[in-house]
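What follows is a single structure, written as structure tokens, with notes after it.
Keep in mind that this is a model prediction, so the values were computed, not measured. Read the numbers this way: they start at 1 and go in the same order the structure lists the ligands and their atoms.
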Amino acid sequence: MKILLLADIHANWAALSAIDESFDVCLFTGDAVDYATDPVPCIEWLQKNATHWVRGNHDHSVAHRVTVRPGGTFRKMAAAMRAHHFDVLGDGHLTWLAQMPVTQYLSLGAHSFLMVHGTPRDPMDEYVANVKDEWAARLDHVDVDFVCVGHTHVPMDLQLDNTRVINPGSVGQPRDGDARASYAVIEDGVVEFKRVEYDIDQAIDSMHRAGIEDSVIRQASIVLRSGGNPTAHGL
Ligand SMILES: [Fe+2]
């Protein structure tokens, strides 16, 4: 069984549509929306292709119209794209976001999985990086082979005693210094992390067509082209 594991698409259809991968099952660990301007094709792709999914903090925030107060770079970007989201998303899209479960336990083939966007302790919002002790402290009573997460936008592969914690990285807004769309494939228990180049200009053009303010598009362009690490790329 070949499992395609996706996270943090963030309304970036150019990135999602560049993933050319066959799969038997598609797991999505949250954040379909915000940060870019193509939420509709991203949600409709997930509705058609994802087998199981969980809610990210941005999915929750859009579904329930939680106001984003522009603070740092990312909050400003999310806030600036939000009005366009409400222009283009229909009731069916918003209801789908609102009905996303926060956690999912499932068995696929010989393996058991827990899906959650952040951590089992704080499913939508907690950021925990690639630190074994910190993850071990969050897996009490979690008895599965794989915990699949998202949220940090950085790929992670952490083997604890009986559980492997996998973050496939972000499809639509990588933050590990590699601008390519990030995802993972799990086949018969073997995990492979993958990257694919995509047309970043297409994502930026979409923001212009959506009428997003120029200063925000410039910032979004820097984030996307630098894989979230402008300093390393001299941007
Ligand atoms: Fe995210």
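One of the N, O or S atoms belonging to H153 lies under 2.8 Å away from the Fe ion (ligand 1). Taking 2.8 Å as the criterion, D31 counts as a coordinating residue of the Fe ion (ligand 1), since one of its N, O or S atoms falls below it. The Fe ion (ligand 1) has H10 among its coordinating residues (N/O/S atom, backbone or side chain, under 2.8 Å).
Judged purely by atom type and a 3.5 angstrom limit, H153 uses its side chain to pair as donor or acceptor with the backbone of Q173.
The aromatic ring centroids of F113 and H52 lie 6.0 Å or more from each other.
For the residue pair H151 and D31, no side-chain donor N or O sits within less than 3.5 Å of a side-chain acceptor on the partner. Judged purely by distance below 3.5 Å, without hydrogens or angles, the side chains of D34 and H10 never pair a donor atom with an acceptor atom.
Minimum-distance N/O/S atom of D8 relative to the Fe ion (ligand 1): OD1.
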